[in-house]
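This report refers to the structure that appears directly beneath it.
Start at 1 with the first residue, then count along the sequence. Both ligands and their constituent atoms are indexed starting at 1 by order of listing. All values derive from a computational prediction rather than experimental measurement.
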Amino acid sequence: MSSGQIKRVQTTPFDGQKPGTSGLRKKVKVFTQPNYLQNFVQSTFNALPSDKVKGARLVVSGDGRYFSKEAIQIIIKMAAGNGVKSVWVGQNGLLSTPAVSAVVRERVGADGSKASGAFILTASHNPGGPNEDFGIKYNMENGGPAPESITNKIYENTTQIKEYLTVDLPEVDITKPGVTTFEVEGGTFTVDVFDSASDYVKLMKSIFDFESIRKLLSSPKFTFCFDALHGVGGAYAKRIFVEELGAKESSLLNCVPKEDFGGGHPDPNLTYAKELVARMGLSKSNTQDEPPEFGAAADGDADRNMILGKRFFVTPSDSVAIIAANAVEAIPYFSTGLKGVARSMPTSAALDVVAKHLNLKFFEVPTGWKFFGNLMDAGLCSVCGEESFGTGSDHIREKDGIWAVLAWLSIIAFKNKDNIGGDKLVTVEDIVRKHWATYGRHYYTRYDYENVDAGKAKDLMASLVNLQSSLPEVNKIVKGICSDVANVVGADEFEYKDSVDGSISKHQGIRYLFEDGSRLVFRLSGTGSEGATIRLYIEQYEKDPSKISRESSEALAPLVEVALKLSKMQEFTGRSAPTVIT
Ligand code: G16
């Protein structure tokens, strides 16, 4: 057994180690500066209650992006230095973000104890590789991202840090399952490498009716395709869709996890999931005659998802509403009913309408999955989602890409259950159109202006806040741009009071609310690593069944014009078009 002594290493603070919407995300070149990662990790240990560190067990893993392997070894040694008793690592350092949450909540060690938290190494949907992004975030004992009270403390610690604790231990082989034991100052410290998928697969099998999904996938009428964009989701897709559910290997695209995501942008949307989008008949470069009936993609760490039908895009806001509307009938985990539903503020109000029809508790929270955790821990929310391709439930405390795909497969299986061998399949498009006919349609789009000069982005936001002081003035400008749109009846900056712990989050997005339920929302992203990203969210509700089948771009054109001119987007940013439209 190797042994080691705790070492105190002197260090000095780095600027800018403030966790964003979901952890600290920076270029690899920033993270690989001597002591940069160490400072953040030590600041995290120092921000946690000492019983969650000393003698505790931690999970350390991630989406396998470039620099993960080195980072895992550094964190293992620092965990030993800070008195952690044992570290769990997914084989090859791989665990999807939802799988980390599942492991923290479900996995029990030989001594009967669980993990008290996790370092997740991911920059999510941001590209990876030596010139791209790395990221790290801490999740708590409930399996969810650290709340703002902890992330603020971490940041404060990073500004004052003087030393970090570590132990010179030999590198641990993380390529094979097994336990390595070390002696650290008379006590034992263990590193347990385990299969990355088994805990998660077990959990999924306890939530969904795998037999009905297997039947659907074996029907010759139903064709299926999943794109992991070379993220960690590939490892789970193979185990679940192919090995457990019998899908063909050829239905998996880009399912070998790669450190640089094959040079791509592992973000499941219509812009970046090019291959899947073409295969589903949704792009000009589509060469295949008959696209599959169902297509889905996940991001680098497999917490985001995109759902597609044949030549048909399901907006994330519609996706969560449709899952909520069908969950009780189609998914065994929800058979006794939903406790409540929640969405982030910029997500469309499609979910609100379902909640009202089904008489469910409903919550609107700021952007950031951490805000759903409190509601779930208090038993107030079962299903939640975000416009940013995040969907999930209280089975864990992270959004969950593979779960969302299984939820959709369950709904399709349920809608076809009496007709699996018949001639007409109820398709994704049928399900969505029926939903719109029942609940009305929320036309929705998001414009992203990436890597804008940070000062200019702030000026644009400040000018929008200034405008809010006079609604008559706003309406004068709006009507001058387009006389067809409804009156603006409210304008504010979204502020949230957590109904469980009473904490208040301010400045969570600038809203312009129209009389007919339409909304314009402006926010600065908290997940970019360079410059600023301005997000503009545009939504319009249509109840009239004769008007729910328009092209979204046509229906939203007047509001888009109003948003761009009202915000003086081109004037401030110098951009004539957004980087990404979803
Ligand atoms: C994170 C958060 C999400 C949020 C998203 C986008 O997701 O967990 O709740 O919606 O960022 O945030 P922003 O608009 O600030 O960029 P992920 O998938 O990046 O971890």
Side-chain angles (χ1 to χ4, degrees), residues 18-26 62-63 65 96-98 100-101 120-128 133-139 143-148 151 229 231-233 261 265-269 272 297-306 316-317 319-320 342-348 364-376 384-392 396-404 446-452 457 461 494 496 505 507-510 521-537 578-580 582:
K18 189 171 175 55
T21 309
S22 190
L24 184 68
R25 295 178 188 175
K26 299 279 178 197
D63 61 14
R65 67 180 55 229
S96 71
T97 294
V100 172
S101 191
I120 310 184
L121 309 177
T122 176
S124 188
H125 54 288
N126 296 4
D133 289 6
F134 186 76
I136 179 167
K137 69 171 180 170
Y138 190 81
N139 277 29
E148 282 186 339
T151 55
L229 298 171
V232 70
F261 308 109
H265 198 132
D267 197 357
N269 59 39
Y272 293 125
D299 70 336
D301 61 332
D303 57 355
R304 296 182 174 206
N305 74 91
M306 174 168 70
S317 299
S319 176
V320 63
R343 64 163 170 84
S344 67
M345 182 275 281
T347 303
S348 95
E364 181 182 38
V365 308
T367 296
W369 203 262
K370 57 192 171 210
F371 293 104
F372 295 122
N374 267 3
L375 299 173
M376 290 177 170
C384 54
E386 296 184 294
E387 50 64 42
S388 58
F389 295 83
T391 330
I396 52 171
R397 295 293 180 272
E398 288 280 2
K399 54 188 182 270
D400 191 342
I402 302 269
W403 175 92
R446 185 178 104 181
Y447 281 28
D448 292 340
Y449 295 80
E450 293 177 358
N451 205 357
V452 170
M461 301 301 275
F494 182 61
Y496 176 66
S505 304
H507 309 297
Q508 297 295 325
I510 297 167
V521 175
F522 300 82
R523 262 189 78 243
L524 292 182
S525 157
T527 57
S529 62
E530 252 180 352
T533 293
I534 302 172
R535 302 205 195 285
L536 158 60
Y537 312 80
T579 326
V580 178
T582 43

Are any of the side-chain heavy atoms of [X] and [Y] separated by less than 4.5 Å?
| X | Y | answer |
| --- | --- | --- |
| Glu398 | Ser96 | no |
| Trp403 | Thr391 | yes |
| Tyr447 | Tyr449 | yes |

Task: All side-chain hydrogen bond (donor to acceptor under 3.5 Å, both in side chains) counterparts of Ser388, not counting sequence neighbours - done: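 Scan of Ser388 (side-chain hydrogen bond (donor to acceptor under 3.5 Å, both in side chains), adjacent residues dropped) gives none.
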
Open item on the list: Residues around ligand 1, heavy atom under 4.0 Å from any ligand atom, sorted by chain and number. Can you pull those?
Closed with: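 If the criterion is a heavy atom under 4.0 Å, then ligand 1 touches Thr21, Ser22, Arg25, Ser124, His125, Asp299, Asp303, Arg304, Thr367, Gly368, Trp369, Glu386, Ser388, Lys399, Arg523, Ser525, Gly526, Thr527, Arg535.
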
Open item on the list: So that I can tick it off, tell me whether Glu387 and Arg446 are bridged by a salt bridge, with the cut-off set at under 4.0 angstrom between side-chain N and carboxylate O.
Closed with: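 Counted as a salt bridge, because a side-chain N and a carboxylate O are separated by less than 4.0 Å.
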
Task: Main-chain N/O of Asp303 paired with Thr97 side-chain donor or acceptor, under 3.5 Å - done: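 Answer holds: no.
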
